[in-house]
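This report concerns only the one structure given below.
Quick note: numbers below take in every heavy atom, side chains included, and nothing from hydrogens, waters or symmetry partners. Every number for a ligand or one of its atoms is a count from 1 in the order of the listing.
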Amino acid sequence: MKNLISIEDLSKAEILKILDKAEEFEDVALGKRKLRILEGKILANLFFEPSTRTRMSFEAAMKRLGGDVINLTAQEASSIAKGETLADTIKVVSKYCDAIVIRHPLIGAARFAAEHSDVPIINAGDGAGQHPTQTLLDLYTIRKECGKLSGISIALVGDLRYSRTVHSLIKALNLFDAEIYLVSPPTLSLPEEILDEVPNTKIADLSEVITAVDVLYVTRIQRERFPDEEEYKKVANSYKITPDLLINAKDTLIILHPLPRVNEIDTAVDKTKHARYFEQAFYGVPVRMAILTEVIK
Ligand code: NCD
């Protein structure tokens with residue numbers, strides 16, 4: 001694997017290989033077993049948008065495998081503030097490291113970075129585009145917590161228009177013959193071009209599907225992507241998952257969320273048997289270990 005820009009860069013077999021590898025790294029991710037296979041290697045984190053989990057779990061993954069991490073922190077403190085182009089930043093940073101993780105507000109930024117880099121590029125989110133490493137950890141969580149990946153029934157809830165996590169995940173789910181329900185306000189429905197590629201989806205109401213699905217994948221309304229704050233306010237409180245809503249859910253239903261949550265999952269849900277979003281956040285570490293060992297040679 002040279003770069004990981006889009007989930008479509010990976011075949012079903014390659015996805016499964018990463019998930020299997022992640023399984024082997026779980027005890028290392030927990031600090032129970034030591035492994036130094038990336039000793040002497042350096043990962044550069046280039047985040048042009050806020051991040052907690054993605055950035056820190058990449059860093060934890062690298063360090064648990066004996067590697068090092070360098071960070072481009074505040075843009076105000078780097079030469080970007082002096083007007084340096086992304087192409088030049090990438091050209092230079094790629095000479096300091098063995099792989100680059102990039103998050104950027106523009107769709108296509110990671111692909112663009114790959115054209116200017118001497119080292120592999122991993123897309124950690126390009127605007128409302130893709131977030132393939134999140135998808136791999138989402139799939140890992142589903143397989144782990146549902147006991148299977150093929151043929152699951154899943155509802156994608158919330159901001160389907162702007163959520164890059166959904167844009168990546170839905171394409172992967174399609175490879176695994178999932179039954180996919182789309183739950184969103186009409187103005188935040190899945191973009192047509194994605195719908196065309198994943199035709200076997202059904203538009204649904206939350207109350208309708210909540211009793212039928214194996215997985216509820218909840219997303220944050222992506223406020224920062226709205227051209228108009230007033231439009232955001234109209235849909236800001238469209239959904240809230242509460243324990244009451246879950247009364248008739250399957251016993252085995254799991255609730256996932258890439259996090260951060262704002263108010264779309266009531267904290268009272270955290271204590272229910274359905275909540276798996278914090279486990280999901282942990283699985284980011286072994287999954288990113290697997291990705292790093294595939295990419296860094
Ligand atoms: C997501 C993202 O950045 O797309 N966060 C993450 O990586 N876990 C989801 C979000 O910001 O809503």
Side-chain angles (χ1 to χ4, degrees), residues 4-7 22 29 43 45-62 71-72 75 100-111 113 121-142 154-173 183-185 188 190-191 194 215-226 232 235-241 254-265 270 275-289 291-292:
L4 180 52
I5 307 297
S6 157
I7 195 68
L43 178 71
N45 267 335
L46 250 58
F47 281 68
F48 298 96
E49 275 192 342
S51 172
T52 301
R53 276 150 291 273
T54 306
R55 181 189 195 115
M56 294 189 76
S57 63
F58 261 115
E59 185 151 354
M62 194 66 190
N71 276 286
L72 181 103
Q75 290 172 53
I100 293 175
V101 175
I102 181 170
R103 169 171 290 183
H104 196 281
L106 290 179
I107 293 180
R111 177 106 33 223
I121 296 283
I122 300 171
N123 183 6
D126 60 323
Q130 284 249 338
H131 195 347
T133 70
Q134 178 72 40
T135 293
L136 290 165
L137 79 89
D138 293 341
L139 295 175
Y140 186 82
T141 309
I142 293 169
I154 181 168
L156 304 172
V157 181
D159 185 347
L160 309 185
R161 180 175 184 184
Y162 295 119
S163 283
R164 54 195 175 201
T165 64
V166 166
H167 299 169
S168 292
L169 179 60
I170 196 165
K171 292 187 178 160
L173 289 170
V183 181
S184 76
L188 295 182
L190 197 70
I194 300 178
V215 182
L216 201 62
Y217 189 93
V218 187
T219 59
R220 173 180 69 89
I221 309 288
Q222 308 280 295
R223 182 179 196 160
E224 64 277 30
R225 309 275 176 239
F226 283 69
Y232 167 72
V235 288
N237 298 306
S238 310
Y239 298 99
K240 186 166 192 138
I241 311 297
I254 63 163
I255 303 174
L256 303 183
H257 190 309
L259 301 177
R261 73 173 147 187
V262 181
N263 53 9
E264 55 283 349
I265 301 180
D270 301 358
R276 291 293 191 288
Y277 26 92
F278 293 118
E279 285 81 358
Q280 182 185 4
F282 162 69
Y283 293 140
V285 181
V287 169
R288 290 185 168 116
M289 285 175 157
I291 294 167
L292 289 169

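Residues Leu156 and Ile170 share a closest heavy-atom pair of CD1-CD1, 3.8 Å. Arg55 approaches Asn71 most closely through the heavy-atom pair NH2-OD1, 2.9 Å. Shortest non-hydrogen contact noted between Ala128 and Arg164 is C-CB, 4.0 Å.
If you check the side chains of Arg276 and Thr141, you find no donor sitting under 3.5 Å from an acceptor. Looking only at atom types and distance, the side chain of Tyr283 has no donor-acceptor partner in the side chain of Asp138 under 3.5 Å away. Between the side chains of Ser184 and Arg161, no donor-acceptor pair is found at a separation under 3.5 Å.
Below 4.0 Å from some heavy atom of Thr165 lie the following atoms of ligand 1, by number and element: 1 (C), 4 (O). With ligand atoms numbered from 1 in the order given, ligand 1 contributes 10 (C), 12 (O) to contacts under 4.0 Å with heavy atoms of Gln222. In summary, the atoms of ligand 1 found under 4.0 Å from a heavy atom of Leu259, numbered by their order in the structure, are 1 (C), 5 (N), 6 (C), 8 (N), 9 (C). Close approach of ligand 1 to His131 is summarised as follows: ligand atoms under 4.0 Å from at least one heavy atom of the residue are 2 (C), 4 (O), 6 (C), 7 (O). Within the listing of ligand 1, atoms 6 (C), 7 (O) sit less than 4.0 angstrom from a heavy atom of Thr54. Interface of Pro260 with ligand 1, defined as ligand atoms under 4.0 Å from a residue heavy atom, comprises 10 (C), 11 (O).
Protein heavy atom closest to atom 4 (O) of ligand 1, with residue, atom name and distance, is Arg164 NE, 2.7 Å. Protein heavy atom closest to atom 8 (N) of ligand 1, with residue, atom name and distance, is Pro258 O, 2.9 Å. When only non-hydrogen protein atoms are considered, atom 11 (O) of ligand 1 lies nearest to Arg220 NH2, 2.9 Å.
At under 3.5 Å, a nitrogen or oxygen of Arg103, whether backbone or side chain, sits near a nitrogen or oxygen of ligand 1.
Of the candidates Gln134, Gln130, His131, Gln130 is the only one forming a side-chain hydrogen bond (donor to acceptor under 3.5 Å, both in side chains) with Ser168.
Note on Arg225 versus Glu49: salt bridge recorded, some NZ/NE/NH1/NH2 to OD/OE distance being below 4.0 Å.
Contacts between Gln134 and ligand 1, counted as non-hydrogen atom pairs separated by less than 4.0 Å, involve the side chain only.
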